[in-house]
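Predicted model, so just to flag it, every value in this text is computed and none were measured. Hydrogens, waters and symmetry mates are skipped; everything else that's a heavy atom, side chains included, is used.
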Amino acid sequence: MSGGALPSLDKRREWEERQRTSAGPRAPEPSVVEMLDLLPRGFALDVAAGTGRHSLMLARAGFNVVSIDYAEPALRTLQSIARAERLPVWPFAADLSAFQLPRARFDAILNLNFLDRALVPRLIDALRPGGALLFDTFLIDQAATGHPRNPDFMLRHYELRDMLNAMDLVRYREGIVAYPDGKSAWRAAALAIRRGAS
């Protein structure tokens with residue numbers, strides 16, 4: 001889901017319809033391409049995975065991936081692609097606001113284009129010590145473009161850094177990201193490691 005935490009029923013239906021009519025996974029976000037090799041290999045979680053553009057990339061790079069989203073049409077698309085390619089991806093339909101994540105289970109977690117501030121401590125807790133969280137979503141500056149519109153779903157400047165202050169920050173950036181198709185977006189991205197013995 002792009003930019004929301006607790007969708008209304010109407011928003012959920014709208015998202016599911018978009019996924020149902022989608023042509024399939026888009027290209028991965030540039031931050032994932034850039035930081036993939038910095039993620040510890042093993043068991044990964046893709047938060048709000050949609051049709052799985054990042055899940056598939058992780059699986060092709062050797063990760064075992066759990067892909068969580070509430071849009072079942074999107075997960076069916078992902079499951080079909082993963083089966084066809086025999087990739088270790090397990091789509092899972094759940095509302096992350098209510099779903100209990102396991103503690104210290106994942107080597108890597110990706111949170112892209114999704115902002116639920118209350119979820120962040122639970123994501124950190126779900127990482128094994130030494131595990132990595134790659135978090136990348138819209139900055140408040142993006143509101144000027146009209147998508148997303150709700151400031152609750154956009155980070156304030158340096159907010160992401162503050163949200164991850166209990167972790168070791170490996171990479172951090174804020175600013176405009178240019179895409180190959182000529183579009184651009186205001187984003188904040190971070191790669192952080194959970195402290196503790198590996």
Side-chain angles (χ1 to χ4, degrees), residues 1-20 22 25 28-29 31-32 39-59 63-83 87-138 148 150 152-155 159-160 163-164 166-167 189-196:
M1 176 173 128
S2 196
L6 287 172
S8 67
L9 190 55
D10 287 343
K11 288 285 185 190
R12 180 174 181 157
R13 286 182 184 139
E14 177 186 329
W15 175 248
E16 287 189 345
E17 184 58 30
R18 280 176 51 198
Q19 295 302 316
R20 191 175 286 111
S22 167
E29 286 293 334
S31 62
V32 180
L39 298 174
R41 292 305 189 265
F43 195 37
L45 171 65
D46 186 6
V47 173
T51 54
R53 59 185 173 146
H54 302 115
S55 296
L56 295 167
M57 183 177 188
L58 287 169
F63 290 86
N64 294 298
V65 186
V66 172
S67 308
I68 297 183
D69 200 288
Y70 66 75
E72 292 184 29
L75 293 174
R76 283 193 290 274
T77 298
L78 169 57
Q79 185 173 44
S80 175
I81 296 168
R83 281 184 178 165
L87 294 171
V89 176
W90 293 273
F92 190 81
D95 178 350
L96 283 161
S97 67
F99 182 70
Q100 185 68 39
L101 290 170
R103 297 189 69 197
R105 182 66 181 99
F106 297 100
D107 299 291
I109 296 177
L110 269 61
N111 188 119
L112 281 290
N113 297 328
F114 181 80
L115 182 56
D116 178 352
R117 291 167 175 87
L119 181 62
V120 174
R122 293 169 47 214
L123 293 178
I124 296 169
D125 192 54
L127 282 169
R128 292 183 173 133
L133 173 61
L134 197 168
F135 200 110
D136 181 344
T137 197
F138 297 104
N150 188 335
D152 291 341
F153 304 146
M154 290 175 278
L155 291 162
E159 182 183 6
L160 179 57
M163 286 167 40
L164 303 178
M167 304 180 76
L191 178 66
I193 306 296
R194 182 175 179 182
R195 294 174 184 152

Atom [atom1] in [X], atom [atom2] in [Y]: separation rounded to 0.5 Å?
| X | Y | atom1 | atom2 | result |
| --- | --- | --- | --- | --- |
| Leu155 | Leu115 | CG | CG | 5.0 Å |
| Ser55 | Leu45 | OG | CG | 8.5 Å |
| Phe153 | Thr137 | CZ | OG1 | 10.5 Å |
| Asp69 | Phe114 | CG | CZ | 8.5 Å |
| Asn111 | Leu134 | CG | CG | 9.5 Å |
| Ser67 | Phe92 | OG | CZ | 11.5 Å |

Are [X] and [Y] packed together at the side-chain level, in the sense that at least one heavy-atom pair is separated by less than 4.5 angstrom?
| X | Y | answer |
| --- | --- | --- |
| Leu164 | Val120 | yes |
| Tyr70 | Leu96 | no |
| Leu39 | Leu110 | yes |

What heavy-atom pair brings [X] and [Y] nearest, and what distance separates the two atoms?
| X | Y | answer |
| --- | --- | --- |
| Leu78 | Thr51 | CB-O, 3.5 Å |
| Ala104 | Arg128 | O-CG, 3.2 Å |
| Ser31 | Leu112 | OG-CD1, 3.9 Å |
| Ala93 | Glu72 | CB-CG, 3.9 Å |
| Phe63 | Ala108 | CE2-CB, 4.1 Å |
| Pro91 | Gln79 | CG-CB, 3.8 Å |

Are the side chain of [X] and the backbone of [Y] linked by a donor-acceptor contact shorter than 3.5 Å?
| X | Y | value |
| --- | --- | --- |
| Arg194 | Ala126 | no |
| Arg103 | Leu101 | no |
| Arg117 | Met163 | no |

Please work out whether the ring planes of Phe43 and Phe106 are parallel, tilted or perpendicular, with thresholds of 30° and 60°.
parallel
What's the verdict on side chain to side chain contact (heavy atoms under 4.5 Å, CB included) for Leu127 and Ile193, showing C-alpha distance, side-chain angles and the deciding distance?
CA-CA 9 Å; Leu127 282 169; Ile193 306 296; over 6 Å; no
